[in-house]
Amino acid sequence: MGMTESEKELLEKIEPEKIPDHVAIIMDGNGRWALERGLPRHEGHRQGVETVRATVRNSSELGIKILTLFAFSTENWKRPVREVNYLMSLPEKYFKTELPELMRNNVQVRLIGDRDKLPGKVQKAVKEGSEKTKNNSGMILNFALNYGSRAEIIMAVNRLIDQAGCGKISGNVNEKTFSKYLYTAELPDPDLLIRTSGEMRISNFLLWQLAYSELWFTDVYWPDFSKVHLLEAVYDYQARKRRFGKI
Ligand code: FPP
């Protein structure tokens, strides 16, 4: 597909050596996108998956090393059962159609979240997706599914308590050790967080990991989020002065 003028302009302004390594996205606004078109909410999620496909491709092309997508939160179970079922049907469909391209683009898929409480077919789809792509050395694509950040932190604390109880760790725990017990163990923290649909909240996403991330918000609903928005976010990110508490 050809590039639009605005994509071209942004690409010319973006500094290739300053692409954020890790980008995390809260994909919000699928429901409102659908309702504004008089469509049922699941049509918004269907279109949202198309945006996931394109964003994965665009991010990997741009040289982003890790892309973390918030696809289903521990709180999303409270939605009507039909909507939950629809959302739970997506990973299987996604991997079925997308695996060849993920392989071609050398993308490695991972899951962050409490996988045990996901339906068997979702666990199976994600397991297959991550196993088939585990030797890929390009972009890491983290799907946050049944993910909640407070639950993740509590899980890490409990694992630490267990380890201390059986003498595997001793003394005080520092930040580096603690972060190894999170789902994102060994991955660098996100440099940039994007949230669509005009909401300005973190919504229990990566609370520990986002400590120093740059935040970027857009009013665009997730199904309408396109390459130009990703480029805008990266361009704005490059103009930020990251000080990490220093001056
Ligand atoms: C938020 O929009 C979106 C979600 C809760 C689901 C996000 C999931 C996808 C985009 C698809 C994931 C794809 C794969 C392959 C797993 P909302 O429903 O909260 O929108 P609203 O705030 O307008 O109601």
Side-chain angles (χ1 to χ4, degrees), residues 23-60 67-103 105 107-115 117-130 132-133 139-149 183 193-206 217-227 229-230:
V23 176
I25 309 185
I26 302 178
M27 312 181 286
D28 197 8
N30 294 349
R32 278 164 286 165
W33 180 91
L35 292 181
E36 281 185 10
R37 285 162 179 74
L39 299 168
R41 291 178 54 85
H42 74 260
E43 286 299 331
H45 298 313
R46 187 203 302 278
Q47 200 53 47
V49 178
E50 295 310 314
T51 308
V52 169
R53 293 184 212 281
T55 304
V56 169
R57 191 181 314 127
N58 294 331
S59 303
S60 136
L67 178 67
T68 300
L69 301 177
F70 203 4
F72 193 88
S73 78
T74 46
E75 287 72 37
N76 286 152
W77 297 108
K78 293 179 199 140
R79 295 186 176 207
V81 88
R82 281 188 53 189
E83 185 171 343
V84 170
N85 287 344
Y86 186 79
L87 287 167
M88 287 299 148
S89 74
L90 297 177
E92 208 180 349
K93 283 188 207 142
Y94 175 79
F95 289 117
K96 201 171 257 169
T97 56
E98 217 55 16
L99 257 178
E101 179 167 337
L102 293 171
M103 292 306 290
N105 293 336
V107 173
Q108 187 192 115
V109 176
R110 299 190 189 180
L111 174 78
I112 63 170
D114 185 357
R115 68 176 71 212
K117 294 196 187 79
L118 289 166
K121 62 170 191 209
V122 177
Q123 292 191 32
K124 187 163 166 271
V126 182
K127 198 166 163 223
E128 272 176 28
S130 27
K132 291 202 172 114
T133 61
M139 188 177 81
I140 293 174
L141 170 59
N142 276 322
F143 275 111
L145 277 172
N146 195 23
Y147 175 87
S149 188
Y183 293 123
L193 171 79
I194 296 174
R195 181 169 188 152
T196 57
S197 93
E199 308 291 348
M200 299 198 192
R201 291 188 287 274
I202 302 296
S203 301
N204 202 18
F205 190 45
L206 303 173
F217 299 99
T218 173
D219 285 340
V220 167
Y221 294 144
W222 178 249
D224 287 331
F225 184 87
S226 66
K227 184 167 180 177
H229 306 112
L230 180 68

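Atoms within each ligand, like the ligands themselves, are counted from 1 in listed order.
Remark: K117 pairs with D114 by the salt bridge (Lys or Arg N to Asp or Glu O under 4.0 Å) rule, at least two apart or across chains. Legend: residues meeting salt bridge (Lys or Arg N to Asp or Glu O under 4.0 Å) with K124, ordered by chain and number and at least two apart, are E128.
Distances shorter than 4.0 angstrom do not occur between any heavy atom of E98 and any atom of ligand 1. Within the 4.0 Å heavy-atom shell around ligand 1 one finds G29.
With a 4.0 Å heavy-atom cut-off, ligand 1 is reached by the side chain of R41 but not by its N, CA, C or O. With a 4.0 Å cut-off on non-hydrogen atoms, R79 touches ligand 1 through its side chain and not its backbone. The proximity of N76 to ligand 1, defined as any non-hydrogen pair under 4.0 Å, is limited to the side chain.
For atom 14 (C) of ligand 1, the closest non-hydrogen atom on the protein side is F143 CE2, 4.1 Å. For atom 3 (C) of ligand 1, the closest non-hydrogen atom on the protein side is M27 O, 3.1 Å. Atom 12 (C) of ligand 1 has as its closest protein heavy atom A71 CB, 4.0 Å. For atom 10 (C) of ligand 1, the closest heavy atom belonging to the protein is N30 ND2, 3.3 Å.
Under 4.0 Å is where a charged nitrogen must lie from a carboxylate oxygen, and between R46 and E43 at least one such pair does. The residues E199 and R32 are annotated as salt-bridged, a charged nitrogen and a carboxylate oxygen being separated by less than 4.0 angstrom.
Relative to atom 23 (O) of ligand 1, the option among R32, E36, E92 with the closest non-hydrogen atom is R32. The residue from R46, H45, E75 that puts a heavy atom closest to atom 4 (C) of ligand 1 is H45. Here atom 15 (C) of ligand 1 lies nearest to Y94 when heavy atoms of F72, Y221, Y94 are compared.
Around the NZ atom of K96, the shell of radius 6.0 Å holds no more than 12 heavy atoms that belong to other residues, nucleotides or ligands.
Judged by distance alone, the side chains of S203 and R195 do bring a donor and an acceptor atom under 3.5 Å apart.
The ring pair (Phe, Tyr, Trp, His ring centres under 6.0 Å) test with F72 is passed by exactly one of Y86, W77, F143: W77.
In this structure, F70 and N204 approach most closely via the heavy-atom pair CZ-O, 4.4 Å.
Polar contact with ligand 1: absent for W222 (N/O pair, distance under 3.5 Å). Between G31 and ligand 1, at least one pair of N/O atoms sits closer than 3.5 Å.
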Inset, instruction - Could you check R53 against T97 for side chain to side chain donor-acceptor pair (under 3.5 Å), going step by step and ending with a plain yes or no? - result: CA-CA 10 Å; R53 293 184 212 281; T97 56; 2.8 Å; yes
